[in-house]
Amino acid sequence: PSLPQSSRVHHAHTGTGALALACAAAVPGTVAHELVRGGGSGGCGGGGEAGAELRIAHPQGVMRVHASVGRDADGRHVAHSAGMVRTARYLMVGEVVV
């Protein structure tokens, strides 16, 4: 089935969304953790362990992200770090006539 014009799939995945997903995947009991724990489906790969690389597939390729999540003194989950690997690319090329 095709998607209506207003419901087209975006060509990429946001960086902040990918980092949040990596944090969620590192927290046992979350849907994201359950999906990636065994290398599940849905375009995600990785072990779901804290700090493990998570690969998020999207129409333009694959984003590699990671997160380190622990617990504070009260037992709440805390993201210690999160990151991604990105390649540099031109955002715009043009000419200016003065």
Side-chain angles (χ1 to χ4, degrees):
S2 62
L3 294 171
Q5 186 69 11
S6 63
S7 300
R8 291 188 324 185
V9 174
H10 194 273
H11 66 276
H13 194 288
T14 64
T16 52
L19 294 174
L21 185 56
C23 289
V27 177
T30 62
V31 172
H33 183 266
E34 294 301 316
L35 285 173
V36 301
R37 187 172 58 164
S41 61
C44 297
E49 303 89 23
E53 181 180 86
L54 176 68
R55 294 175 308 278
I56 302 171
H58 57 83
Q60 288 292 333
V62 176
M63 289 183 85
R64 297 184 337 222
V65 295
H66 60 87
S68 175
V69 177
R71 290 187 182 261
D72 65 11
D74 295 325
R76 294 177 295 204
H77 288 98
V78 177
H80 297 292
S81 68
M84 71 176 84
V85 176
R86 288 192 116 163
T87 56
R89 63 182 171 98
Y90 286 110
L91 296 178
M92 183 184 338
V93 176
E95 293 181 18
V96 176
V97 179
V98 182

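Nothing here was measured: the structure is a model prediction, and the numbers come from that model.
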Peer 1: Which heavy atom of H80 sits nearest to which heavy atom of V69, and what is that distance?
Peer 2: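 Minimum heavy-atom contact is CD2-C, 4.0 Å.
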Peer 1: Heavy atoms only: give me the nearest V27-H33 pair and the separation to one decimal.
Peer 2: O-CB, 3.1 Å
Peer 1: Taking all non-hydrogen atoms of both residues, which atom of A22 and which atom of V65 are closest, and how far apart?
Peer 2: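 Taking A22 first and V65 second, the nearest heavy atoms are CB-CG2, 3.6 Å.
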Peer 1: Donor-acceptor check, side chain of T30 to backbone of A24, threshold 3.5 angstrom: yes or no?
Peer 2: yes
Peer 1: Could you please spell out the steps behind the side-chain contact (heavy atoms from CB on, under 4.5 Å) verdict for R55 and M63?
Peer 2: CA-CA 6 Å; R55 294 175 308 278; M63 289 183 85; over 6 Å; no
Peer 1: Donor-acceptor pair, D72 side chain versus D74 backbone, under 3.5 Å?
Peer 2: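 Side chain of D72 to backbone of D74: a pair is present.
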Peer 1: Looking only at heavy atoms, which two atoms of A25 and L54 are closest? And how far apart?
Peer 2: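 Scanning both residues completely, I find the closest heavy atoms to be CB-CD2, 4.2 Å.
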Peer 1: What's the shortest heavy-atom distance between H66 and M84, and which atoms?
Peer 2: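 For H66 and M84, the tightest heavy-atom pair comes out as NE2-N, 4.4 Å.
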